Amino acid sequence: MSGFRLTDSTLRDGSHALAHQFTEAQVRAVVRGLDRAGVPVIEVSHGDGLGGSSFNYGFSRTNEKVLLRAAVEEAEHAKIAVLMLPGIGVKDDLVDAAEIGVEVARIATHCTEADIAPQHIALAKELGMETVGFLMMSHMISPEDLVEQAKLMESYGADCVYVVDSAGAMTIDDARARVSAVKNALTCQVGLHAHNNLSLAVANSMAAYEEGVDQIDGCTTGLGAGAGNCPTEILVAAFEKSGVHTGVDPLAVMDVAQDVVRPIQPLQGVIDRDGLLLGYAGVYGSFLLHAKRAAERFGVDTKDILLELGRRQVVGGQEDMIIDVAVELEREAAAAMAQQIQDH
Amino acid sequence: MTPARCAIVGSGNIGTDLMYKIQRSDVLELGAMIGIDPDSDGLARARDEGVPTSPEGADWLLERAGEFDIVFEATTARVHAAYAPRYEAAGLKAVDLTPAKVGPNVVPSVNIDVALSGPNVNMITCGGQATTPIVAAVNGVAEVPYAEIVSTVASRSAGPGTRQNIDEFTKTTSKALEEVGGAQIGKAIMVLNPAEPPIIMRNTVFCGLAAGYDEATVAKSIVDMVAQVQEYVPGYRLKSDPVFDDGPYATPAGVVPARVIALLEVEGAADYLPSYAGNLDIMTAAATRVGEAIARHRGGAS
């Protein structure tokens, strides 16, 4: 029997790493591979969820409904899931997803703002979808405060509430404390979504399992926002070696990683300084590529942008603040330069 | 001219903040503050200000409609939708601060004239008040196939109404980017930020630009528009010069060669909620401005 249920988010969180340029053929190939390997849930959406295609987050190359239809067609056993952030997507997007055949709706809010989600969770339930409450940037608040928000998600009807380490900022103790607090307080299922900025995504997932977590997220090859996600094939291999059955064929998922996803992965899973800084400073992982681009555009350092975003306590969705910070850093640098010239 | 006699229906955050602004107006006279909870902070503050109050809701106003010219609705979309026809029948002009969308959208710096005819105008949303002027400014001097805005407010300034109706916010604002701003397709995004101390309301406007625009003309049009909005929202400002980026960008309205970004901040006047709540301030300041235009128009006509 499977110890927990795995959701692979390569085709949603991985969309960030590809600047939302997935093609229909790529989606079909990944879904086919993961489905045959036994992955039970596969998430497909713009990286910022349904309706995320925008100036602020990047336009999708292919309409996500086309991608969802393709995914639903390819999946023989796996359920297809979507992510949706109230404020970015709207209820109509959930209706469309349900019509296409999506079976799991994951409704995401910042970890302190669960109360913007009740209508969306209720609608997803009404549409017959399994529903997840997805509390992003969970490292920013204490386990006790997180429990309060998780209880709200449960009260709206969520079948599972996720502790989401969007910044890859959690140590093993951080992840353990949050999962165990939420698990003890809720009767519904609890999940963990980990990022790999501190190289702890697999370790945190295994610690969460020890605390009784019911669902765990991975991305094949770790393809995902920031420094990448918990790599699905490594997660599966590590659990199998520990005697925990995942229901997924370790060799088959390794093949998908190597042969299907690695060829389309732009950065070969390297946690560079910027990726590490996100986790160290606790900054939303999806900001990484936008920050790199803004750094180049305005002639400033990515590192300085990320640190300033951390200082401002910016939350997921505020990609526009990257431009704001870059413009400000450019102006400060110009002022400092002018001062220097004056001093000489 | 004699000031127009006004009533505020709704004694929550918006109604209370609006009360202080109307009290400062030379052409508006606040004759009543109407709520449904006699113990509400808004009604208590109205009593402190010497404004007549009633906890009996809009029916109280309708019973003495002849004593008033303008009603500012600061309740909920449902209440306004129910009462709008009765206000009209009673000869009251309605300035609607709810998302009921009974009347046409109005933004003082863009289309104040729509408020002068017709019985009812709608103030859109706080994000709409903050961003549609910029889209209109760009659209006035260039072709804007697609406009997008990101409105970020402090968690503490977003009451239960906003939280329960986040879809309505994004949909209403998106539509206003088209109807008032003039974009072919509009998209609005809303983010709540819980940082402490609370952040000042931020709005970022992205306009896709069709070929043939002139950068200096577009920038000047934006800067001029900011100055116009500042006339009624003093805390409304650009954080930097408009930023121009070369694309191409594959927007929902087709591929555009470039975009312009306006980074805006709205610091409130701190009449009721603290200054970070620029979202509250821009709604009530714009509504006051609309009320004043109606009052002056009436004054001129009589």
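Each chain gets a letter, A, B and so on, in the order the sequences are listed, and its residues count up from 1. Predicted, not measured: the structure shown is a model, and the values here were computed from it. Quick note: numbers below take in every heavy atom, side chains included, and nothing from hydrogens, waters or symmetry partners.
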When the 4.5 angstrom heavy-atom criterion is applied to B/Lys239 and chain A, the contacting part is both

So B/Pro248 and B/Pro257, do their side chains get closer than 4.5 Å, heavy atoms only? no

Between B/Asn122 and the options B/Thr98, B/Asp96, B/Thr172, the side-chain hydrogen bond (donor to acceptor under 3.5 Å, both in side chains) test singles out B/Asp96

message: Does either side chain, that of A/Tyr156 or that of A/Glu154, offer a donor lying less than 3.5 Å from an acceptor on the other one?
response: no

Bottom line for B/Ile189: the part with an atom under 4.5 Å from chain A's heavy atoms is both

Turns out that what part of B/Ser151 lies under 4.5 Å from chain A's heavy atoms comes down to neither

So, the part of B/Leu192 with a heavy atom under 4.5 Å from chain A: the answer is both

Of B/Asp241, B/Asp245, B/Asn165, B/Ile261, the largest count of non-hydrogen pairs under 4.5 angstrom with chain A goes to B/Asp245

Would you tell me whether B/Thr152 and B/Asn193 have side-chain atoms, one donor and one acceptor, within less than 3.5 Å of each other?
no

Turns out that what part of B/Thr204 lies under 4.5 Å from chain A's heavy atoms comes down to both

When the 4.5 angstrom heavy-atom criterion is applied to A/Ser60 and chain B, the contacting part is neither

Chain B shares the most heavy-atom pairs under 4.5 Å, among A/Val314, A/Val315, A/Asp115, with A/Asp115

Could you tell me if the side chain of B/Ile199 sits less than 4.5 Å from the side chain of A/Gln313, heavy atoms only? no

Evaluate whether atom CD1 of B/Ile36 has more than 12 neighbouring non-hydrogen atoms of other residues, nucleotides or ligands under 6.0 angstrom away. no

Ranked by heavy-atom pairs below 4.5 Å to chain B, first place among A/Pro86, A/Ser54, A/Gly317 goes to A/Ser54

Bottom line for A/Val327: the part with an atom under 4.5 Å from chain B's heavy atoms is side chain

Ranked by heavy-atom pairs below 4.5 Å to chain B, first place among A/Arg297, A/His110, A/Met321, A/Gln119 goes to A/Arg297

Heaviest contributor of heavy-atom pairs below 4.5 Å to chain A, chosen from B/Pro194, B/Gly208, B/Pro252, B/Ser155, is B/Pro194

- Query: Between A/Asp93 and A/Lys65, does at least one N-O distance fall below 4.0 Å, as a salt bridge requires?
  - Reply: yes

One option among A/Thr112, A/Val90, A/Ile88 has the most heavy-atom pairs under 4.5 Å with chain B, and it is A/Val90

How are the rings of A/Phe134 and A/Tyr162 set relative to one another: parallel (under 30°), tilted (30 to 60°) or perpendicular (over 60°)? tilted

Can you find a side-chain donor-acceptor pair between A/Asp13 and A/His195 that sits under 3.5 Å?
yes

- Message: Closer than 4.0 angstrom, basic N to acidic O: yes or no for A/Glu308 and A/Arg311?
- Response: yes

Note: vs chain B, highest number of non-hydrogen pairs under 4.5 angstrom among A/His120, A/Glu328, A/Met140 is A/His120

Okay, A/Arg331 and chain B: the region with an atom under 4.5 Å from a heavy atom over there is side chain

Whatever's closer than 4.5 Å to a heavy atom in chain A on B/Ala158 counts as neither

Cut-off 4.5 Å, heavy atoms of chain A, and the answer for B/Ser240 is both

Applying a strict 4.5 Å limit to non-hydrogen atoms, the region of A/Phe55 in contact with chain B is both

Check: Does NZ belonging to B/Lys101 count more than 12 external heavy atoms closer than 6.0 Å?
Finding: yes

